Number of protein chains: 2
Amino acid sequence: MERSIQDIARLSGATSRTLRHYGDIGLLEPSRIGVNGYRYYDDDALVRLQRILLLRELGLGLPAIADLLAGDREQADALERHLRWLRLEKDRLDRQIGSVEATIRRMRGGEELMAEEMFDGFDHTQYRQEVEERWGTEAYASGDRWWRSLTAAEKAKFREDQKSVQADYLAAIAAGASVESEEVLAITRRHYDWLVVGWQGRRPTPEQFVGMGDLYVADERFGAKYGGLEGATFVRNAMAAFAERNL
Amino acid sequence: MERSIQDIARLSGATSRTLRHYGDIGLLEPSRIGVNGYRYYDDDALVRLQRILLLRELGLGLPAIADLLAGDREQADALERHLRWLRLEKDRLDRQIGSVEATIRRMRGGEELMAEEMFDGFDHTQYRQEVEERWGTEAYASGDRWWRSLTAAEKAKFREDQKSVQADYLAAIAAGASVESEEVLAITRRHYDWLVVGWQGRRPTPEQFVGMGDLYVADERFGAKYGGLEGATFVRNAMAAFAERNL
DNA sequence: CTAAACGTTGACGCCGCGTCAATGTCAAGG
DNA sequence: CCTTGACATTGACGCGGCGTCAACGTTTAG
């Protein structure tokens with residue numbers, strides 16, 4: 001059976017333009033081209049088209065579909081990769097949704113979109129250099145924008161949470177608690193949650209989280225807040241233990 | 001304070017190319033342009049840029065950002081619209097993720113990507129015309145592709161579920177149950193879930209669900225399966241009751 | 001005086017087609 | 001035979017948000 005381009009379009013739900021495009025990029029060639037230039041498709045072509053459209057609905061790009069249909073037999077792997085990227089996209093959307101909701105609440109509350117004063121007592125630019133070296137300029141700038149977009153109340157809460165975590169760590173150290181005790185793990189969980197907020201919902205990988213602990217030990221300013229080198233080491237170990245168990 | 005384009009780029013995390021683009025489209029003009037053509041930005045421009053970048057991180061398009069910053073005072077509304085569309089995107093991703101997972105399982109199980117036989121006993125093309133009239137050609141074609149991508153086991157389960165729902169409806173009718181009884185609502189919930197599967201995870205709106213019930217009454221073939229007009233009417237009422245209570 | 005760093009404008013590329021535009025072909029009816 | 005209307009072709013632009021050359025001028029440090 002041989003069908004015209006419109007027939008195929010109707011049967012498959014694609015448009016004739018799409019079919020010509022697929023021909024142009026070599027994804028789906030007509031089974032025959034008439035002397036008048038008309039494209040004709042047979043059943044095999046129709047089956048292939050259906051497969052293409054099915055994969056397209058899954059969100060794959062046309063080159064990826066071409067590879068997959070070429071049948072390099074690592075087909076499932078290609079889909080796995082695609083799946084990972086779909087999940088990343090979803091996470092990104094989740095974070096955007098949360099941020100937009102927060103922004104709407106702020107604007108409804110009459111807040112400015114972004115504080116113009118660059119400094120407000122809490123020097124969030126303190127670790128600018130480290131952040132830029134580790135995560136890049138844009139990462140710092142992005143975090144800075146986020147911070148300046150918060151309401152005064154939100155900023156206050158963020159700082160409170162930090163102080164609270166810090167105080168509890170110090171108390172645990174004074175009490176001689178183990179970094180693997182439930183008590184300390186609970187503090188570290190709050191520490192972790194605090195960090196996630198500051199990262200606008202992006203979750204550090206276990207390695208990243210442990211790496212931040214190492215930073216605490218290496219940097220005096222961090223250590224000073226946590227009672228010297230021992231304190232910083234304790235916190236790092238607690239973070240490593242938490243990462244091992246819960247991340 | 002006046003800064004060069006690179007200074008602004010570094011401070012904001014944007015690239016100079018981006019700044020020139022924003023200039024081109026009128027989203028952010030330099031505060032001054034030197035006789036040599038160089039762009040210079042003052043603090044006001046920097047603040048505006050930060051706001052632009054903040055909104056961009058929320059996923060807004062540049063024209064939407066321009067409108068929003070023009071301050072038509074329905075700012076929050078624009079964000080609400082954006083939020084709705086973000087949620088739609090997220091739903092779409094959720095469905096794609098589920099479909100890709102299922103497809104991977106099928107391929108790992110050695111199944112073909114898509115059955116070539118167009119008919120297999122269960123005539124899923126039965127309601128083709130109605131579907132195309134109500135939801136468009138592409139909607140039918142898409143459902144058809146989905147159906148042919150299922151494994152035999154999955155197809156069998158889908159039919160089983162339908163039969164089971166049907167049998168339970170008939171029993172409930174025979175027992176004289178009320179369409180608002182818990183018993184019937186439970187059946188309708190299964191009916192609804194069955195439908196959602198067939199729609200590949202897309203959830204019908206309450207109106208759509210009730211509309212399908214009306215179709216049951218209007219179409220003899222549906223009615224025949226549910227014991228005549230009365231049966232179809234019962235099912236429609238049950239669907240309406242369910243929609244009212246649970247959707 | 002030179003090299004490096006920084007600046008400019010202009011144009012193409014990406015992705016997957018939608019949407020003209022300009023023109024040719026075919027089947028059915030008068 | 002001619003017309004009409006449906007259907008076909010190729011070719012090109014457009015979208016979004018810049019990245020990335022290219023080709024060239026300017027400023028700054030040594």
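Source: prediction; values computed, not measured. In what follows, every chain begins at residue 1, and chains take the letters A, B, ... in the order their sequences are listed.
- Qualifying salt bridge (Lys or Arg N to Asp or Glu O under 4.0 Å) partners for B:D193, counting only residues two or more places apart in sequence or in other chains: none.
- A distance below 6.0 Å separates the ring centres of A:W146 and A:F158.
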Discussion item. I'd like to know whether B:W194 forms a ring-ring contact (aromatic ring centres under 6.0 Å, His included) with B:W199, so could you lay out the CA-CA distance, the side-chain angles of the two residues, the decisive distance to 0.1 Å, and finally the verdict.
Written reply: CA-CA 9 Å; B:W194 175 81; B:W199 282 31; over 10 Å; no

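- For the pair B:K155 and B:W147, the minimum side-chain heavy-atom distance is below 4.5 Å.
- Summarising the geometry, the separation between CZ on B:R3 and P on C:dC6 is reported as 17 Å, rounded to the nearest angstrom.
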Strictly under 3.5 Å: I want the nitrogen or oxygen pairs between protein and nucleotides 26-28 of chain C, one per line.
unit_1	atom_1	unit_2	atom_2	d
C:dC26	OP1	A:N36	ND2	3.1

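- A:L60 has its CG atom 14 Å from the C1' atom of C:dG16, to the nearest Å.
- Boundaries of the chain B contact region on DNA chain D are D:dG17 to D:dT27, first to last in 5' to 3' order (nucleotide atom under 4.0 Å from a heavy atom).
- Of the residues in residues 80-91 of chain A, none has a non-hydrogen atom less than 4.0 angstrom from any atom of DNA chain C.
- For the segment residues 11-31 of chain A, the set of residues with a heavy atom within less than 4.0 Å of an atom of DNA chain C comprises A:T15, A:R17, A:T18, A:H21, A:Y22, in numerical order.
- Separation of atoms CG (A:L195) and CD (A:Q208) is listed at 10.0 Å; rounding is to 0.5 Å.
- In this entry the distance linking CD1 of A:I5 with P of C:dT25 reads 17 Å, nearest Å.
- Within the structure, side chain to side chain donor-acceptor pair (under 3.5 Å) contacts touching residues 88-99 of chain B (residues at least two apart or in different chains) are A:K90-B:D94, A:D94-B:K90, B:E89-B:R92.
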